Structure formats: C-alpha cells, structure tokens
Amino acid sequence: MNIPLIELSTQHKRLREEINNVIQGVLDRGDFILGQDVAKLEEEFAAYCGVKYAVGVDSGLSALELSLRALGIGPGHEVIVPAHTFTATAAAVSFAGATPVFVDVDPETWNIDPAKVEEAITPHTRAILPVHLYGLPVDMHMILGIAEKYKLLVVEDGCQAHGAVYKGHHVGSFGNAAGFSFYPTKNLGACGDAGMVTTNDPQVAETIRALRNCGQRMKNVHELEPFNHRLDNLQAAILRVKLHYLDEWIASRRRLAAIYNKLLTGSNVAIPAEPLGYQHVYHLYVIRSQERDALQARLKERGIGTAVHYPTPVHLQPFYAKGEDRRGQFPVTERICNEILSLPMYPELTEEQVEIVASEITHTPVPT
Ligand SMILES: *Cc1c(COP(=O)(O)O)cnc(C)c1O
C-alpha cells in the first residue's frame, strides 16, 4: 500500500493539454516578464477573492513582505504574528525591517488567539498578521475589532487558504492587504514559485507594482527599493488554467475531510475544528494525538505518508530564539506541535484511501 501525503502528478496529467497550450502561447508571444497572463490572473484572482486589486509577485513570502512595506511598516515597528505558523510569516516581518511579536494560538482552532493579541500590543505595534492556518479562517471579526480599537493595520497570511470563507467573504478581503502563495503544494499551486497580494487599497497596489519591479513607478525612474519580485508569466498562465478548478478542488478536499471527520470522531485522536460560519479549505488535514510519534511511525510502516506542520514553533527556531531559551513562552503552541499530524489530503485522493487511513488510525491501540 502507498498513500502519499500529497500527490501532484494526477492533477497535472489531467490538465496536460490545457497547460501545454498556455505554455506554448507564452512561448509564441515571448511575453515572459509581466506579460498578459500576469495582468489577467491579477484581475481574475481579485474577482475570485472579492477585492479591487491583486498584484502578482514571485512568492508568498514576497507577497507578505511587500504588503508590510507598502503599508509603511519597517524598522522600529512591531507586528503581531502567531507562534504557530510557517516560518515565512515571521520572516516577512523581519525582512521588512520590523520585529515579529509572537502570540499563542487558540487551543480549539489552532489559529492566533484574539484574546492574547491585545496583551501583546505596545506603543510600537503597527500591525497584526493573522494566518489562516491549514485553510481555516481566523476569527476576523475579533481581529478587525482589535485593529480598529488600537488603530493597527491588518495583513492576512492567506498562503494556505485560497478560497476559504469567513462569514460569507473570502479570506484575503478583510485586511489592509493579504498575501497568497502559489507554491506547488498549496491549494492553488504553480509549477514553481509564485505569489499574490490582494487589497482594496489602490495605493498599496500601486506601491507593490513598483516595489516588485526594481522600484519603478515610471520606466527608468527607480524611486523605491529596486527589488525584483516579479511574477513569472509562464507561472501566471498555468495558474489561470488552475484557478478554474479551484472551487472543484476545494469541494473535493471538503468532502474527503468530512469522511475523515466522521470516521475519526470518537477515536483517540482529535479532529480539526470548523466553527459555524467558517469554511475550511483543508490545505492540510491535521489531527492531534497524544501518541503522535508512535502513530506516525505505524502509519509509515503501513505505507501511509504523513508530516508534521510544524514540529518546532517559530519562536524556538534558532533564527528567532537568538540563543535564548524561550521554551514555555507559548504553551498552547508548544503542546500542539508535539501532537499534530497531517494526514494524506489532496483533491485526487479517493474515498477508499481516506477510509483506509482512518481505519489504520482507529485500529491503533489506545495508549495506556
Ligand atoms: C507557504 C507559506 C508561506 C510562504 O509562501 P512561499 O510561496 O513559500 O514563499 C507563508 N505563510 C504560510 C502560512 C505558508 O504556508
């Protein structure tokens, strides 16, 4: 038996003809840099998210960093980020020149705990950077309320949550800006690195267009930092093909997650939360087990691929711990990092495969 954690080739086989055609189109036109597909993908992705503007960049990390920079965040500023996330969330803050201030996560949703955000605010705080982790939206009502009370900016990290819905609106439409990643394994994935910023603020969109392209607002006038964070037009062409399938793929992930949920309810593992009014897109289907390492080893023996996203909280990563012992600072994050396990999840996974994985888990003897 072999059930991988994720598998991309089936999707690409299915889309082979469509993808080959658009690649050929770019080759024929030769518009490799900021070509027509970048502009069209920006329009289409903005419409999909329900925002006025989208700006294509070269990665999710760049999308977040440039969003912060375009909002005027830099040295001397603090940005609040969850301790439980992928390192790139905090890295975006560091690269913008600001300081990430970590906050613990909620024990139910595993997303940033709004109750703890307020405690972390200082006179230097400029923004909150909530992460819709694993594809589950953050409680944006609470986050936006705190931001309004303390006059803070909000940049959403939507890198795992394309298409996720919170109270009727897509993520990426709540903050002053949002960053998305099209890393190949994300729910909407390119065939290489790519990313996108969404915003309703025309000035933010305009500034990011300049920042991504050597700081030029006008050709040959390098007014801002002359970065190169452009979105590759070949990737944009491929992403436009895939965007048509995103909702279908999300529906498939949700159907498979519902089967996992049903089969694992009442077992010795905890299933992911999905509060009322939230639509999880299950970029990752993550369970919690007190015996995580033993369970993972057993599933591996049975040919079932799993992973831990992420085994070490960001504040304990060497780059952020800076030689200090910061253990114990964020107890919820530190506890769940020892218990979480990502199970196989991708749109082409079959119901039978989900049933096999679930039965391997429920047949693991309960630890004594
Ligand atoms: C993938 C990811 C990023 C970074 O995206 P890249 O495209 O790899 O730079 C940032 N934040 C989160 C939560 C992610 O999952």
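Ligands are counted one by one from 1 in listed order, and the atoms in each one are counted from 1 as well. Just so it is clear, the structure is predicted and the values come from calculations on it, not from any experiment. We're numbering straight along the sequence, starting at 1.
In this structure His229 satisfies the ring pair (Phe, Tyr, Trp, His ring centres under 6.0 Å) test together with Phe227, sequence neighbours excluded. With sequence neighbours excluded, the residues that form a side chain to side chain donor-acceptor pair (under 3.5 Å) with Glu18 are Tyr245. Residues passing the side-chain contact (heavy atoms from CB on, under 4.5 Å) test with Val22 are Ala237, Val241, sequence neighbours excluded.
When each of Ile6, Val354, Val357, Leu5 is tested with Leu349 by the rule side-chain contact (heavy atoms from CB on, under 4.5 Å), just one qualifies, namely Val354.
Because its NZ or CZ atom is not both nearer than 6.0 Å to the ring centre of Tyr260 and within 45° of the ring axis, Lys262 does not count as a cation-pi partner of that residue. Both tests do not hold together for Lys186 against Phe182: distance to the six-membered ring centre under 6.0 Å, angle to the ring axis within 45°.
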Are any protein N/O atoms closer than 3.5 Å to the N/O atoms of ligand 1? If there are, list each pair with names and the distance to one decimal place.
from	atom 1	to	atom 2	distance (Å)
ligand 1	5 (O)	Ser181	OG	3.3
ligand 1	7 (O)	Gly60	N	2.8
ligand 1	7 (O)	Ser181	OG	2.6
ligand 1	9 (O)	Gly60	N	3.3
ligand 1	9 (O)	Leu61	N	2.9
ligand 1	11 (N)	Asp157	OD1	3.4
ligand 1	11 (N)	Asp157	OD2	2.8
ligand 1	15 (O)	Gln160	NE2	2.8
ligand 1	15 (O)	Lys186	NZ	3.0

